[in-house]
Protein chains: 2
Amino acid sequence: MNIREVAKKAGVSTATVSRVVNGTVPVSAQIERQVRSAIKSLGYYPNTHARTLGSGRSHMYGLIISDIANPFFPDIAKCFERIAVEHGQELLIANTDYQPKRMQVCVRRMLERKVDGVAIMTSEMDPKLVQLLNRRGVPIVFLDTGRVGPNISNIFIDYVSGIEQAIEHLVSLGHTKIAFVSGPRTLSSAKIRSNAFTLSLKKKGLRYSADYMQTGNHRIDGGQVAMARLLKLRIPPTAVMASNDLTAIGMMRAIHAAGLRVPEDISVMGFDDIEISNFLQPPLSTIRVPRVEIAVSAFTALYAASHKHVNNGTEYRISTELVIRQTTGLVKG
Amino acid sequence: MNIREVAKKAGVSTATVSRVVNGTVPVSAQIERQVRSAIKSLGYYPNTHARTLGSGRSHMYGLIISDIANPFFPDIAKCFERIAVEHGQELLIANTDYQPKRMQVCVRRMLERKVDGVAIMTSEMDPKLVQLLNRRGVPIVFLDTGRVGPNISNIFIDYVSGIEQAIEHLVSLGHTKIAFVSGPRTLSSAKIRSNAFTLSLKKKGLRYSADYMQTGNHRIDGGQVAMARLLKLRIPPTAVMASNDLTAIGMMRAIHAAGLRVPEDISVMGFDDIEISNFLQPPLSTIRVPRVEIAVSAFTALYAASHKHVNNGTEYRISTELVIRQTTGLVKG
DNA sequence: CCTTTGAATGCAATCGGTTACAGAACTACC
DNA sequence: GGTAGTTCTGTAACCGATTGCATTCAAAGG
């Protein structure tokens with residue numbers, strides 16, 4: 001079932017069929033009817049690969065993320081995909097599994113598949129790989145790297161505002177000993193979050209202690225381990241912030257395992273506001289990172305670059321917001 | 001940067017380059033070296049679309065699921081993808097968003113992209129669509145539909161064993177008033193689970209009441225609403241089973257909202273055993289559906305069909321298992 | 001030394017579309 | 001009626017690979 005058969009059946013040339021299918025050039029009503037009926041009766045659908053080969057446009061955007069099992073990302077992917085499909089584009093997802101070296105494979109896949117643009121929402125990019133994409137003319141949108149340039153956009157997330165609100169909130173509850181469990185060192189957004197934390201801490205005039213800065217892995221188990229370490233300190237913190245909600249969940253687990261209660265003994269603050277956080281017992285206080293806005297911005301950036309020939313990158317600014325639920329309470333005693 | 005340039009640079013024909021890249025036919029060591037060095041110096045990578053067009057194989061499998069935001073699926077997708085990449089295949093994910101009519105779009109995408117096989121892990125398939133795929137020779141593997149045939153495999157999950165264990169467990173704790181909150185009616189696996197529940201109930205000689213069968217949507221909010229309804233009954237159940245863990249989470253929320261406690265007042269049993277369930281407070285008792293095995297079976301089925309020309313479908317049997325945590329306890333009073 | 005055999009390589013058709021360009025048909029206007 | 005302009009349609013050259021078949025060349029066998 002190819003375009004030639006349709007053309008034969010409708011008594012026209014393949015060019016005309018192509019034009020009817022794509023609506024690129026006006027076709028007389030009579031012929032259009034013939035072609036559509038031929039398409040219907042043969043059950044014809046175009047071969048994407050042939051189409052891409054001929055036109056140079058794949059109608060696919062790539063999305064590179066670190067872990068599809070982290071609920072933060074599926075939400076973005078889902079939203080992005082919905083918008084993309086509405087605009088006649090599709091989505092190809094690639095995972096790096098938190099391993100920077102898998103990035104190369106992902107980028108290669110994107111190039112091989114000739115995507116019309118790539119959204120990169122994962123760890124430090126090797127500049128070489130960025131260059132590779134850029135030189136091939138593939139529009140890029142980053143999450144959180146700050147880089148903007150020709151064909152490179154960026155979604156800047158203002159972590160500082162959310163974190164400052166969070167610290168203010170904790171301070172107002174009487175906390176002064178506040179710890180932080182960060183994400184993997186390789187992840188740029190994790191680094192930004194932890195830097196924003198120390199900065200805000202100093203701004204509030206609070207003591208900063210290296211013991212209070214632990215490293216997690218953005219997964220539940222990492223939070224659990226890190227919290228266990230914090231609890232063993234001579235002077236444990238009275239409040240703990242996590243670099244993402246999964247980490248916070250692990251931390252709560254460790255706190256319970258130690259026979260302590262949240263928030264009576266220790267306050268916990270998450271980061272991201274994934275869906276589940278509102279349904280934990282107690283519901284998690286956290287800093288919301290708006291995922292719909294991220295998805296929309298990412299799509300907008302790529303669409304502008306690939307369809308409207310906008311070649312200068314844009315910076316999208318998105319702010320975070322404190323969500324107070326029930327894991328933060330008055331300092332003990 | 002196409003194959004012709006590589007051929008020119010290496011002083012050979014494009015056919016030879018193709019053979020070096022694919023390793024389909026032996027090439028002399030000398031020439032192979034020339035070609036490889038040309039590839040490297042030009043930074044050549046093949047165009048997937050041209051390759052697919054020429055060979056008829058896309059090296060992609062499709063995965064159709066109902067909701068990427070349900071943690072059950074990303075786990076499967078992740079595992080499937082890892083195995084696929086190890087075997088030189090890739091993964092194209094499509095969501096139906098629980099809407100049966102979106103299935104058509106998904107199938108169409110799969111056909112257009114010429115996938116080498118499709119794993120369908122979502123609601124009732126329109127037989128017409130199955131036929132469409134089948135006639136085009138696309139191998140299919142279903143989750144939970146029971147259908148097996150030429151080029152159609154199935155992964156059968158033995159829900160009954162897990163559910164029976166669960167009911168036995170609840171009965172041993174003294175429960176007799178056990179309710180069930182099912183998934184969306186359109187989802188075949190949801191129906192199977194709820195049927196297995198009523199069956200097991202009868203087998204244990206327990207009274208079955210229509211009031212105790214509620215419908216959810218496999219998301220948290222649905223569980224919450226359904227549980228609220230159950231709590232308003234004249235004689236509320238003392239134990240509740242959910243068709244999946246997200247539903248159970250919503251149910252626990254409703255129970256807490258009503259000022260009751262789990263498991264002291266009501267026991268809750270989930271279904272799936274998603275990662276988060278072990279980290280809830282209290283950790284959720286549930287029925288584990290082994291996702292790694294599902295992913296492995298699905299891949300195995302498609303790989304056998306597409307690479308080893310195994311045309312008769314296989315039935316893979318996977319059993320479920322009771323996981324007792326802390327949301328199930330002795331009946332009250 | 002010539003033929004046979006087999007392995008390595010090249011030639012060119014092919015996959016299924018897109019699209020620049022040419023040409024046809026039709027209208028409009030002088 | 002002739003010319004210009006517009007609108008639709010067809011022809012055929014691509015896009016970048018794969019692969020059946022023909023060819024070349026060297027080693028083996030007679």
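Naming convention: chains lettered A, B, ... in sequence-line order (proteins, then strands); numbering from 1 in each chain.
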Could you state the atom-to-atom distance from [atom1] of [X] to [atom2] of [N] in whole Å?
X        : N       : atom1 : atom2 : answer
Arg51(B) : dG16(C) : CZ    : C1'   : 18 Å
Asn22(A) : dG16(C) : CG    : P     : 17 Å
Arg19(B) : dT9(C)  : CZ    : P     : 8 Å
Ile3(A)  : dG17(C) : CD1   : C1'   : 6 Å
Arg4(B)  : dG10(C) : CZ    : P     : 15 Å
His49(B) : dT18(D) : NE2   : C1'   : 16 Å
Ile31(A) : dA24(C) : CD1   : P     : 16 Å
Gln34(A) : dC8(D)  : CD    : C1'   : 14 Å

From the set [options], return the single nucleotide nearest to any side-chain atom of [X].
X        : options                  : result
Thr14(B) : dA12(D), dT9(C), dT18(D) : dT18(D)
Pro46(B) : dA17(D), dC15(C), dA8(C) : dA17(D)
Ala15(B) : dA12(C), dG17(C), dC8(D) : dA12(C)

[N] phosphate, OP1 or OP2: any side-chain N/O from [X] under 4.0 angstrom?
X        : N       : value
Ser18(B) : dA17(D) : no
Ser55(B) : dT19(D) : no
Ser28(A) : dT7(D)  : no
Asn47(B) : dG16(D) : no
Asn2(A)  : dG17(C) : no

**OP:** Name the residue closer to the 5' end of DNA chain C, choosing between Val25(B) and Lys114(B) according to the nucleotide with the nearest heavy atom.
**Re:** Val25(B)

Original post:
Considering heavy-atom distances to DNA chain C, does Val27(B) or Leu53(A) have its closest nucleotide positioned more toward the 5' end?
Top reply: Val27(B)

Subject >> Arg185(A) atom CZ, over 12 foreign heavy atoms within 6.0 Å >> reply: no

**OP:** Inspect the surroundings of CD in Gln99(A) and state if more than 12 heavy atoms from other residues, nucleotides or ligands are less than 6.0 Å away.
**Re:** yes

Original post:
Are Arg147(A) and Phe142(A) in a cation-pi contact, defined as NZ or CZ under 6.0 Å from the six-membered ring centre and within 45° of the axis?
Top reply: yes

Subject >> Trace of the side-chain hydrogen bond (donor to acceptor under 3.5 Å, both in side chains) decision for Ser13(B) with Thr16(B) >> reply: CA-CA 5 Å; Ser13(B) 71; Thr16(B) 301; 3.3 Å; yes

**OP:** Please step through side-chain hydrogen bond (donor to acceptor under 3.5 Å, both in side chains) for the pair Tyr316(A) and Thr300(A), ending with a clear verdict.
**Re:** CA-CA 10 Å; Tyr316(A) 297 81; Thr300(A) 307; 5.3 Å; no

**OP:** Return the 5'-most residue of the pair Tyr44(B), Thr16(A) with respect to DNA chain D, ranking by each residue's nearest nucleotide.
**Re:**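 Its nucleotide being nearer the 5' end, the pick is Thr16(A).
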
**OP:** Remember a base hit wins even if backbone is also touched, and classify Val12(B) as base, sugar-phosphate or nothing at under 4.0 Å, heavy atoms.
**Re:** sugar-phosphate

